[in-house]
Amino acid sequence: MKKILILLTMIMAFGVVNAQKSNQRKAYSYWNDGQLDKAKEAIEPAILDPSTMSDAKTWLYRGNIYLDIHRSVKPEFKSLSPDALKIAYDSYKKATELDVKKELQPQIMVSMLTISEQLYNAGAILFQASDFEKSGETFEKAIAVSQSLNNTDTMALYGAALSFEGAKQFSKAIPYYEQLIKLKVKNPLLYSSLANIYSEQKEIEKSEAILKEGRVIYPNDFNLIISQSNLYLQQKNPTKALESLSLAREKDPGNKSIVFAIGVTYDMLRSDSTKTQEEKQTYFDKATVAYKDAIKLDSNYFDAIFNLGALYFNKGGDIINIANKLPLGDKRYDAMVVDGNDHLKLALPYLETASRMHPDDMNAMVSLKEVYTRLQMFDKLKEVNAKMQNK
């Protein structure tokens, strides 16, 4: 009797194993026929049963099913699992662990590479939508998949660097830029981007060092030249900034922003109290030329128009202030006041144009008020005072 019971128990157990094996086979068959809903339904019991959960093929099939769910364009299949790509990845990893004889590795590797590509594409879509934090995290997953295959996905590394930079998560972006530079990836933007991050974090020495390293490799790269110019301006080192800006202008003479930046730099030098009057006049003249050149490139360039007006305005004010400090009866006084007022007259059309372009700009209105007062243009003064009172 005991033998009969044992035999019945064995028969029942064999039937359960066969049922689970049947689920594994069904899942494969449904997947092969493109019936992803039925394939998913069949594979899930197989991964829970002790008799099939240790079979590498069970997890390989599961990975294939969920990868195709992720890639499907059919809504009824796409909606089967919002985390299909992650489940596919986890399934292939499990299959790799169980595939002791490495018989399934070629299939698994191809599928894992597909997952890496899918993750990269998903990261790119998120990046284009300006969802930088999520795109960075997605690129990181693509990197991890590639690393599990002993590969280095430099495109995913760059995507992660750009994403975390866009998200202002600089501590995450820096290691990716540094890794790309260490790998000698040929892209000068790596250097300018990393330098800009260091600059944002007030790590000026690191910023300067990485720019110098980049300029050695890419001596004529425009973005590196501009980044270096901006760094020098940030350091209030206009002389070095002019060297970089002049080189940049040679490479892109029609770039109004570079020409404007040259004007700003000469303007900074003109305001340097350590310079002689002759030097200041030279810098004033060069700033004037640069601002006018920028306006020639764009007749509606507000910044250049306002700055040129401000340059004449400040020059005129400086001359009048010096005249007012002369001893009483000094013969130079009248000529200096005339010279100062002439500069204010030169400033007037530019400041008025700037005010028309940006009627709410308070700096332009304050400057105009001062000019109208000094030149005794009282009707104009009333108009600008009325505008300012309504702000």
Side-chain angles (χ1 to χ4, degrees), residues 226 229-230 232-246 248-249 253-325 335-377 380-381 384 388:
I226 291 298
S229 303
N230 289 333
Y232 289 139
L233 287 172
Q234 185 180 338
Q235 291 177 297
K236 300 194 183 305
N237 190 338
T239 303
K240 281 191 173 182
L242 276 172
E243 291 176 9
S244 294
L245 287 168
S246 297
R249 188 177 184 181
N255 191 317
K256 66 178 184 180
S257 297
I258 295 172
V259 180
F260 173 73
I262 290 172
V264 171
T265 308
Y266 279 125
D267 211 340
M268 288 174 61
L269 286 166
R270 183 200 70 82
S271 303
D272 188 345
S273 60
T274 65
K275 303 298 181 184
T276 66
Q277 288 301 319
E278 286 184 0
E279 287 174 327
K280 288 182 177 182
Q281 183 61 47
T282 298
Y283 294 135
F284 170 84
D285 293 338
K286 289 185 175 182
T288 302
V289 171
Y291 286 142
K292 286 183 177 179
D293 286 346
I295 295 168
K296 286 178 185 176
L297 291 170
D298 181 359
S299 59
N300 294 313
Y301 195 177
F302 171 82
D303 290 336
I305 291 168
F306 175 79
N307 273 30
L308 182 54
L311 181 69
Y312 283 128
F313 172 83
N314 291 331
K315 176 73 171 176
D318 289 345
I319 294 170
I320 292 169
N321 287 334
I322 293 170
N324 288 333
K325 292 177 183 178
M336 289 182 70
V337 170
V338 170
D339 189 20
N341 285 338
D342 285 343
H343 280 85
L344 295 180
K345 290 174 184 176
L346 290 171
L348 193 55
Y350 295 104
L351 292 175
E352 287 180 331
T353 299
S355 189
R356 282 194 300 271
M357 293 173 70
H358 287 234
D360 295 329
D361 190 276
M362 191 57 70
N363 289 325
M365 284 190 280
V366 169
S367 299
L368 281 172
K369 179 179 179 178
E370 182 69 20
V371 173
Y372 292 147
T373 301
R374 286 184 178 274
L375 297 181
Q376 299 183 14
M377 300 173 67
K380 292 282 189 178
L381 180 61
V384 76
M388 293 175 70

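- Here Met365 contributes atom CE and Asp360 contributes atom CG; the two are 6.5 Å apart, rounded to the nearest 0.5 Å.
- When only modelled atom types and interatomic distance are considered, Asn230 and Gln234 share no side-chain donor-acceptor pair under 3.5 Å.
- For Glu370, the salt bridge (Lys or Arg N to Asp or Glu O under 4.0 Å) test picks out Arg374, with sequence neighbours left out.
- Between Arg270 and Asp318, at least one side-chain N (NZ, or NE/NH1/NH2) sits under 4.0 Å from a carboxylate O, which counts as a salt bridge.
- Contacts classified as side-chain hydrogen bond (donor to acceptor under 3.5 Å, both in side chains) and involving residues 294-304 (residues at least two apart or in different chains) are given here: Lys256-Asp298.
- Side-chain atoms of Thr353 and Arg356 include a donor-acceptor pair closer than 3.5 Å.
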Full working for side-chain contact (heavy atoms from CB on, under 4.5 Å) between Lys315 and Ile320: CA-CA 9 Å; Lys315 176 73 171 176; Ile320 292 169; over 6 Å; no
Does the pair Val366 and Met388 meet the rule for a side-chain contact (heavy atoms from CB on, under 4.5 Å), with working shown? CA-CA 8 Å; Val366 169; Met388 293 175 70; 3.8 Å; yes
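- Checking Leu368, Val384, Ile305 one by one against Ser355, the side chain to side chain contact (heavy atoms under 4.5 Å, CB included) holds for a single residue, Leu368.
- Looking at Asp267, its side chain never comes within 3.5 Å of a backbone N or O of Gly263 through a donor-acceptor pair.
- Using cut-offs of 30° and 60° on the angle between ring planes, the pair Tyr312 and His343 is tilted.
- Within 6.0 Å of the NZ atom in Lys280, the count of heavy atoms belonging to other residues, nucleotides or ligands exceeds 12.
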Where do Met377 and Leu381 land on the side-chain contact (heavy atoms from CB on, under 4.5 Å) test, with the steps shown first? CA-CA 6 Å; Met377 300 173 67; Leu381 180 61; over 6 Å; no
Mind running side-chain contact (heavy atoms from CB on, under 4.5 Å) on Phe313 and Leu348 for me, showing each step along the way? CA-CA 8 Å; Phe313 172 83; Leu348 193 55; over 6 Å; no
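- Both tests do not hold together for Lys275 against Tyr283: distance to the six-membered ring centre under 6.0 Å, angle to the ring axis within 45°.
- The list of salt bridge (Lys or Arg N to Asp or Glu O under 4.0 Å) pairs with a residue in residues 343-352, not counting sequence neighbours, is empty.
- A distance of 11.0 Å separates OH in Tyr291 from CD1 in Ile262, rounded to the nearest 0.5 Å.
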